[in-house]
Amino acid sequence: MDGQQINILAFGKVAEKLGQEQLQASGFDDTESLLHWLHDRYPALKQVDFSLAVDRKLVTGKTGLGRMCEVALLPPFSGG
Amino acid sequence: MTSDRFDRQRVLPGFGPEGQRRLASAKILVVGAGGLGCPALRYLAAAGVGRLGIVDGDVVALSNLHRQVLFGIPDIGLPKAERAAAALQRDYPGDLHLDVFTRYLTPENALDIIRPYDVVLDGSDNFATRYMVNDACVLLGKPLALGAIYQHEGHVTLLNAPDGRGERGANYRDLYPKPPGPGTLPNCHETGVLGILPGVIGTLQAAELIKHLSGYGETLSGKLLYYNALHNRFWTLELPETGVKHRDIPVSEEAFRKTDYAIQCGATPQINWKEAMQLLSNRTVTTRVVDLRESYEYPDDVLSDSLRISLGDIDREMHRFKDAEVVLVFCQNGYRSGVAAILLGRAFPGKSIYSILGGTAHPDAPQLTKT
């Protein structure tokens with residue numbers, strides 16, 4: 001079973017915590033399990049609040065992930 | 001036909017004399033005459049917007065000049081709102097009306113200041129103001145051009161704009177329902193920015209309002225556009241179709257005036273060194289002082305009786321504050337102490353917790369005793 005290829009895009013402070021702006025993951029059916037894995041692998045991510053988008057649409061709550069999808073992690077920006 | 005400074009705009013197919021007339025009769029309020037506000041104001045005034053309001057309680061500093069392009073060396077120390085208005089008045093006399101507010105927007109004055117304008121541009125630099133402006137615009141039914149930056153990234157959108165059926169578009173709380181926790185707040189390392197980044201984002205905000213007001217082209221209503229200056233990337237996100245009713249938006253103007261956005265957005269009470277020293281000399285209250293500086297920053301200097309705790313260890317050391325009535329926190333410049341004070345405030349809602357403004361780098365900081 002090859003699972004889904006998930007392209008993860010990180011913005012702002014999330015990218016800083018992950019040390020990269022883009023990474024790949026596979027084998028996650030929904031946003032909840034993907035987030036769980038991310039928090040496990042990058043504990044510093046727990047300090048940052050962010051919203052989630054799947055395939056460029058803002059989502060809230062547990063959302064299913066299709067094959068070859070793109071998940072964006074979007075922290076708020078306050079500067080000006 | 002007489003020629004004026006708007007000729008090149010008026011001949012643009014789809015914009016035309018009607019677009020120009022709409023701009024001339026438009027009233028825009030710009031919140032913050034900083035890195036975003038300066039370029040936005042320049043283009044809005046140049047484009048022929050009839051009335052511009054400028055709100056900013058700050059004064060011009062030397063370190064502002066690389067990005068706040070309406071100001072120069074002679075403006076240092078003078079109110080931003082006044083100097084921005086003076087620059088625009090000098091360059092476009094005759095057809096531009098300017099309203100100057102040399103103060104910050106607060107829950108008490110925001111609704112009255114915003115009400116007379118058609119649309120608002122948020123060029124502020126903190127979450128408390130951003131949530132306050134968003135909620136005020138939702139309550140008053142004003143479209144809002146939002147722009148914000150973080151290091152080499154920025155985003156821009158048009159919020160709360162009516163569609164063809166009069167339905168309001170997404171607002172900031174559709175994107176971020178609640179203000180972020182302290183971990184998302186800026187720290188000592190995040191204060192740098194290339195001047196061109198707010199220049200790009202502020203100019204895009206102005207473009208959104210010019211399009212919205214003139215009916216020319218497509219706006220970013222319902223979409224959020226990201227720009228990454230380092231890697232030359234634009235990226236667009238779709239926001240929910242309609243503005244959902246958020247329980248966090250005050251239900252009435254009266255409730256809005258009573259909302260403490262500063263506390264909701266993690267801003268902590270700050271005091272200066274003079275007030276801090278007065279509190280310390282008052283022996284009738286139990287006061288704890290926390291020095292957050294790491295051992296490599298001035299290892300020998302400590303204010304007598306202060307606890308030395310790193311920001312990362314605050315969570316583990318909470319038991320040391322149980323018997324204190326007042327907690328004063330300081331670091332080298334006031335950023336870390338602000339975050340620590342938020343964490344302490346959440347753990348001990350009943351205590352008076354203050355971050356000391358400016359930290360040990362502040363000229364009023366006491367002569368620290370050698371140990």
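Residue numbers start from 1 in every chain, and the chains themselves are labelled A, B, ... in the order their sequence lines are given, proteins ahead of strands. Computed from a predicted structure; not experimentally measured.
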Exercise for the section: Could you label the plane-to-plane angle of the A:F11 and B:W235 rings as parallel, tilted or perpendicular, counting under 30° as parallel and over 60° as perpendicular? Expected result: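 Ring orientation of A:F11 relative to B:W235: tilted.
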
Problem - Engaged part of A:L9 at the chain B interface, taking heavy atoms whose separation is under 4.5 Å - result: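 The side chain, not the backbone.
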
Rounded to the nearest 0.5 Å, what's the gap from [atom1] on [X] to [atom2] on [Y]? Could you check?
{"X": "A:S78", "Y": "B:Y150", "atom1": "OG", "atom2": "OH", "value": "9.5 Å"}
{"X": "A:K57", "Y": "B:L239", "atom1": "NZ", "atom2": "CG", "value": "12.0 Å"}
{"X": "A:K13", "Y": "B:Q151", "atom1": "NZ", "atom2": "CD", "value": "8.5 Å"}
{"X": "A:D49", "Y": "B:Y176", "atom1": "CG", "atom2": "OH", "value": "10.0 Å"}
{"X": "A:F77", "Y": "B:F127", "atom1": "CZ", "atom2": "CZ", "value": "9.5 Å"}
{"X": "A:L58", "Y": "B:K223", "atom1": "CG", "atom2": "NZ", "value": "14.5 Å"}

Check whether more than 12 heavy atoms from other residues, nucleotides or ligands sit under 6.0 Å from atom [atom1] of [X], and answer yes or no.
{"X": "A:H39", "atom1": "NE2", "value": "yes"}
{"X": "B:Y43", "atom1": "OH", "value": "no"}
{"X": "B:E218", "atom1": "CD", "value": "no"}
{"X": "A:L52", "atom1": "CG", "value": "yes"}

Exercise for the section: Tell me, please, which residues at least two apart from A:R56 pass salt bridge (Lys or Arg N to Asp or Glu O under 4.0 Å). Expected result: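 With neighbours one apart ignored, the set is A:E70.
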
What side-chain donor-acceptor pairs closer than 3.5 Å can you find for residues 200-207 of chain B, not counting sequence neighbours?
from   : atom 1 : to     : atom 2 : distance (Å)
B:T203 : OG1    : B:G199 : O      : 2.5
B:Q205 : NE2    : B:D122 : O      : 2.8
B:Q205 : NE2    : B:A145 : O      : 3.1

Problem - Part of B:L175 within contact of chain A (heavy atom distance under 4.5 Å) - result: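 Both parts, backbone and side chain.
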
Practice task
Could you tell me which of B:G37, B:G123, B:G147, B:S124 has the largest number of non-hydrogen atom pairs under 4.5 Å with chain A?
Solution key: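 Option with the greatest count: B:S124.
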
Problem - Where A:A53 and B:L237 come nearest, the two heavy atoms and their spacing - result: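 Smallest heavy-atom distance, with atoms named: CB-CD1, 3.2 Å.
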
